[in-house]
Amino acid sequence: MRLMNVGKALLVGFTGAVLLCSSSSTGADGLTVGLLLNTERAFDGYTLFTPIGEGNAYLIDNAGRVVHSWDKGTGGNLTPYLLEDGSVIRVNQGITQHAWDGSLVWNFDYTFLGHHDIEVLPNGNVLLLAFEYKTAAEAIAEGRDPGALNTGSLVSEKIVEVRQTGLTSGEIVWEWRVWDHLIQDFDPTKDNYAVVGDHPELIDINFGETNINDDDSDWLHANSVDYNPELDQIVVSVRQFSELWIIDHSTTTDEAASHSGGTSGMGGDILYRWGNPQAYRAGEVGDRKLFLQHDAQWITRGLPGEGNLLVFNNGFNRPDGTYSSVDEIAPPIDGSGNYALSDGEEYGPGEATWTYANPGEFFSIFISGVGRLPNGNTLITSGGRGTIFEVTPDGETVWKYVNPIVEAGPLTQGDPIPKNAIGFSGNDVYRAYRYAPDYPGLAGRDLTPGGPLEIRLDSDDDGLFDHEETKIYDTDPFTADTDLDGLSDGDEVRVYASDPLLADTDLDGLSDGDEVLIYGSDPLRVDTDLDGLPDGDEVLIYGSDPLRVDTDLDGLSDGDEVLIYGSDPSLADTDGDGFSDGAEVFIYGTDPLRAERLGDRLGDVNCDGDVNSIDAALVLQLTAGVLAFLFCGDFGDVDGDGNVTSIDAAIILQFTAGLIEPLPP
């Protein structure tokens with residue numbers, strides 16, 4: 001049982017005519033590789049994967065940045081697992097383990113036999129899938145149809161449990177072999193001849209789909225192994241049967257080769273199988289559920305769906321269309337670890353408990369994997385497209401990453417993904433795993449993020465990657481300021497959100513650069529200070545401040561001065577009559593464009609609208625100290641000397657007597 005993992009498989013064979021694996025991977029922003037999506041609903045952690053074309057193991061954070069890596073070394077390019085001591089263990093025709101610092105911990109050589117997958121047991125031993133090669137004569141002796149031996153041999157499967165005994169050595173302490181559990185109804189002269197449908201616990205040596213190029217030697221093609229410590233059982237994915245099998249691990253090796261013994265009392269016979277009841281003559285074509293699947297596993301205790309089985313169903317030749325799915329099933333198991341089955345019937349359940357599929361968008365004909373995360377989401381590896389993504393229980397994609405490493409090295413962001421030598425996407429990935437930040441193997445480790453794996457070019461150093469300039473913004477990747485407005489394309493996009501192709505984004509008469517660098521105005525708003533005047537008019541026509549509503553602080557907004565009163569927004573007293581434009585408009589009701597003359601309001605110190613002898617008397621009382629102030633005392637200085645005196649009173653009296661004409665102050 002695996003913690004927070006995804007993926008399992010191997011590129012050893014695939015059936016019939018091949019369709020290129022599909023899964024939409026180009027982001028709406030023109031990204032082709034690396035991180036395409038990261039939302040708050042994604043499970044926070046570190047994702048471990050190995051690009052097939054290169055072989056190094058990479059640990060990335062949810063932002064797609066590398067926090068650690070392990071060189072391929074002797075580890076091969078297959079499945080990496082991060083152990084609780086911080087080491088990485090992989091399968092490479094055997095077992096290899098490297099510490100966090102890359103130093104070799106163990107290299108068990110099982111050349112030409114080990115393949116696809118391993119599983120670390122609680123006691124530290126390791127289960128390893130292994131080939132067992134059989135000659136045509138050996139296969140025929142077990143009832144294989146000679147017409148189904150076009151390569152002259154047969155590749156069977158076994159599972160070995162290995163205990164480390166030294167840096168480069170190990171001891172096989174337990175073994176289970178398919179060859180010990182065969183049945184057939186082709187050759188009645190053989191000891192294992194029987195009615196296949198009466199023995200669902202046995203394996204029909206004449207079943208299984210042929211592989212590519214009609215190679216029928218790889219009739220099983222196991223591609224994943226998982227262990228359940230509570231049940232002491234093993235589940236193995238058998239691709240060419242389109243089944244998953246569960247067997248008893250509590251047996252001895254001798255019992256595993258027999259039909260009795262162990263907790264189940266069935267020795268090494270199959271305890272449970274699911275996916276294709278045709279394999280044991282309990283169903284028809286329409287009863288098939290799995291189609292060349294990968295990565296069968298139990299959902300770990302403590303995770304949503306615990307105890308259920310999860311599998312990546314590749315979906316090739318699915319009757320309702322070729323598409324992949326992730327299927328969760330609840331096996332019919334009792335408290336003793338036994339699986340319910342009625343005679344002649346297929347193993348349940350009849351349907352998956354939960355399924356994720358996206359026909360037309362999500363398909364990988366080979367490899368691939370899956371894993372349940374602690375938040376209930378599911379991490380999926382669409383291996384044939386090198387795409388790792390996370391979905392919620394309702395099927396929403398909340399995180400997506402496309403492997404940017406191909407055999408030739410890292411790709412440049414924005415470039416298309418090349419095909420590999422056999423015509424598939426060159427960035428394929430076996431499987432991926434997500435580890436929580438508190439996973440013991442990460443404790444005390446330096447997880448400082450570095451850069452992304454993909455190459456990101458910025459030829460003109462403007463802050464935008466070349467692929468963004470050419471595919472998203474249509475800017476010139478070799479000119480830092482495409483629209484020549486004084487701001488770099490990167491600053492326009494990432495800082496100011498202005499248009500890097502338009503010198504004056506808001507069309508206010510000022511270039512974006514002048515607004516930002518000289519005037520401090522907003523390049524996205526025509527009227528930054530909301531005074532009613534465009535920023536460009538304020539700067540270029542009226543001389544007012546585009547950041548101040550009332551540039552001259554006269555009590556009138558710049559817009560009102562220009563558009564309503566016709567006064568100067570940069571001059572507090574447009575007519576020079578000693579009264580601010582705002583005071584003339586809001587207090588005195590006078591014209592801010594016309595200097596006051598004696599007789600207009602000048603001399604009207606009691607604000608009654610008339611200039612007469614009463615005003616003169618009031619001025620005299622003020623100058624004599626009888627009055628402390630006048631309500632409209634500003635109009636008392638009729639001679640404009642800055643003081644209200646008896647001389648002003650005399651001028652008012654002369655005016656009322658008709659001895660002088662109205663004069664300006």
Side-chain angles (χ1 to χ4, degrees), residues 2-9 21-29 31-51 58-67 79-82 294-295 297 299-300 302-306 308 310-314 323-328 352-358 361-364 367-404 427-439 442 449 452-453:
R2 302 186 185 93
L3 291 173
M4 299 164 284
N5 71 317
V6 59
K8 300 179 79 93
C21 304
S22 66
S23 175
S24 179
S25 59
T26 300
D29 55 2
L31 301 177
T32 55
V33 292
L35 183 70
L36 301 189
L37 178 68
N38 183 20
T39 72
E40 293 181 352
R41 298 188 68 186
F43 176 73
D44 184 35
Y46 299 92
T47 303
L48 179 66
F49 70 98
T50 292
Y58 295 99
L59 191 66
I60 62 172
D61 63 12
N62 273 23
R65 301 170 299 185
V66 179
V67 300
T79 309
Y81 295 95
L82 180 64
H294 287 78
D295 199 15
Q297 62 190 261
I299 297 177
T300 305
L303 299 183
E306 62 178 84
N308 288 345
L310 203 58
V311 62
F312 188 101
N313 193 354
N314 293 76
Y323 62 91
S324 295
S325 64
V326 171
D327 298 330
E328 177 183 344
T353 299
W354 176 83
T355 292
Y356 169 81
N358 190 6
E361 295 292 327
F362 171 42
F363 173 62
S364 179
I367 59 177
S368 306
V370 62
R372 183 59 45 83
L373 298 170
N375 64 351
N377 292 349
T378 302
L379 191 65
I380 302 170
T381 302
S382 183
R385 285 295 296 271
T387 301
I388 308 163
F389 62 104
E390 179 182 344
V391 299
T392 62
D394 58 5
E396 178 189 357
T397 300
V398 295
W399 187 87
K400 189 174 185 179
Y401 181 87
V402 176
N403 167 39
N427 68 331
D428 44 4
V429 172
Y430 278 92
R431 57 183 93 165
Y433 305 85
R434 176 77 54 79
Y435 296 90
D438 60 356
Y439 180 68
L442 300 175
L453 286 170

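One is the number of the first residue; the rest follow in order along the sequence. Both backbone and side-chain heavy atoms feed into the values below; hydrogens, waters and symmetry mates do not. Since this is a predicted model, take the numbers as computed values, not measurements.
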Is a side-chain donor or acceptor of [X] paired with a backbone partner of [Y] at a separation under 3.5 angstrom?
| X | Y | value |
| --- | --- | --- |
| Ser364 | Ser382 | no |
| Asn427 | Asn403 | yes |
| Arg41 | Thr392 | no |

Close side-chain approach of [X] and [Y], heavy atoms under 4.5 Å:
| X | Y | value |
| --- | --- | --- |
| Leu442 | Leu82 | yes |
| Trp399 | Leu35 | yes |
| Asn377 | Pro393 | yes |
| Leu379 | Ile388 | yes |

Looking only at heavy atoms, what is the nearest atom pair of [X] and [Y], with distance?
| X | Y | value |
| --- | --- | --- |
| Pro304 | Pro374 | CD-O, 3.8 Å |
| Ser368 | Thr381 | CB-O, 3.1 Å |
| Pro404 | Leu453 | CG-CB, 3.5 Å |
| Pro80 | Leu48 | O-CD2, 3.8 Å |
| Val398 | Leu37 | C-CD2, 3.9 Å |

Tyr401 and side-chain contact (heavy atoms from CB on, under 4.5 Å): which single residue from Leu36, Thr47, Ile60 fits?
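The passing option is Ile60.
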Walk me through whether Tyr430 and Phe312 qualify under ring-ring contact (aromatic ring centres under 6.0 Å, His included).
CA-CA 12 Å; Tyr430 278 92; Phe312 188 101; over 10 Å; no
Which word best sums up how the rings of Phe362 and Phe389 line up, parallel for under 30°, tilted for 30 to 60°, or perpendicular for over 60°?
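If you compare the ring of Phe362 with that of Phe389, the planes turn out perpendicular.
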Using the ring of each side chain (for Trp, its six-membered ring), is Tyr435 parallel, tilted or perpendicular to Tyr433, with breaks at 30° and 60°?
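Answer is tilted, since the angle falls between 30° and 60°.
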What's the separation between atom [atom1] in [X] and atom [atom2] in [Y], rounded to the nearest 0.5 Å?
| X | Y | atom1 | atom2 | result |
| --- | --- | --- | --- | --- |
| His294 | Arg431 | NE2 | CZ | 8.5 Å |
| Asn308 | Glu306 | CG | CD | 9.0 Å |
| Glu390 | Asn62 | CD | CG | 7.0 Å |
| Tyr356 | Thr378 | OH | OG1 | 10.5 Å |
| Arg65 | Leu59 | CZ | CG | 12.5 Å |
| Arg372 | Thr300 | CZ | OG1 | 10.5 Å |

Please determine whether ring-ring contact (aromatic ring centres under 6.0 Å, His included) holds for the pair Tyr439 and Tyr46, giving the CA-CA distance in whole Å, both sets of side-chain angles, and the decisive distance to 0.1 Å.
CA-CA 10 Å; Tyr439 180 68; Tyr46 299 92; over 10 Å; no
